Amino acid sequence: MVFQWITGRFRCLAGKHERSYRHVRKDEEGNYTSICVYCRAPMQRRAKRDWVVAPRR
């Protein structure tokens with residue numbers, strides 16, 4: 001478990017984030033948002049199965 005978290009953090013540093021399935025929410029505008037499992041960066045869905053890191057507000 002700890003090893004997986006460490007390797008996940010290195011992936012975040014390389015720009016490859018992993019969306020948290022548990023934190024997916026639909027906002028008022030109909031867009032889906034979530035967070036990265038490892039670094040908790042906000043993520044936004046562009047298309048089905050296409051998630052990117054959203055700019056922080």
Side-chain angles (χ1 to χ4, degrees):
M1 187 71 163
V2 173
F3 181 71
Q4 182 182 10
W5 183 82
I6 292 170
T7 56
R9 290 291 290 185
F10 280 117
R11 291 190 67 205
C12 290
L13 291 173
K16 300 193 185 264
H17 298 272
E18 186 174 327
R19 174 183 55 89
S20 169
Y21 291 97
R22 209 172 69 175
H23 291 96
V24 174
R25 301 287 183 264
K26 190 173 186 179
D27 65 9
E28 306 84 35
E29 300 159 359
N31 300 320
Y32 288 93
T33 60
S34 185
I35 59 172
C36 175
V37 174
Y38 302 109
C39 68
R40 304 190 55 83
M43 298 187 76
Q44 198 171 25
R45 188 175 95 165
R46 290 193 299 188
K48 195 168 193 174
R49 288 185 239 134
D50 184 18
W51 289 81
V52 294
V53 174
R56 295 187 189 251
R57 295 180 185 178

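Quick caveat, the model's predicted, so the values are computed rather than measured.
Arg9 contributes atom CZ, which lies 14.0 Å from atom CD of Gln4 (distance to the nearest 0.5 angstrom). For the atom pair OH of Tyr38 and NZ of Lys16, the computed distance is 14.0 Å after rounding to the nearest 0.5 Å. Interatomic distance, Cys36 SG to His23 NE2, rounded to the nearest 0.5 Å: 11.5 Å.
What you find for Met43 and Arg19 is that their closest heavy atoms are SD-CA, 3.8 Å. In terms of heavy-atom proximity, Thr33 sits nearest to Trp51 at C-CZ3, 3.8 Å.
Hydrophobic clustering (ILVMFWY, side-chain heavy atoms < 4.5 Å, transitive): Trp5 and Phe3 are in distinct clusters.
Without hydrogens or angle criteria, Ser34 side chain to Ser20 main chain gives a donor-acceptor distance under 3.5 Å.
With sequence neighbours excluded, the residues forming a side-chain contact (heavy atoms from CB on, under 4.5 Å) with Ile6 are Val2, Phe10, listed by chain and number. Scored by the salt bridge (Lys or Arg N to Asp or Glu O under 4.0 Å) test, Arg22 finds no partners at all (sequence neighbours excluded).
Contacts classified as salt bridge (Lys or Arg N to Asp or Glu O under 4.0 Å) and involving residues 34-51 (residues at least two apart or in different chains) are given here: Arg46-Asp50.
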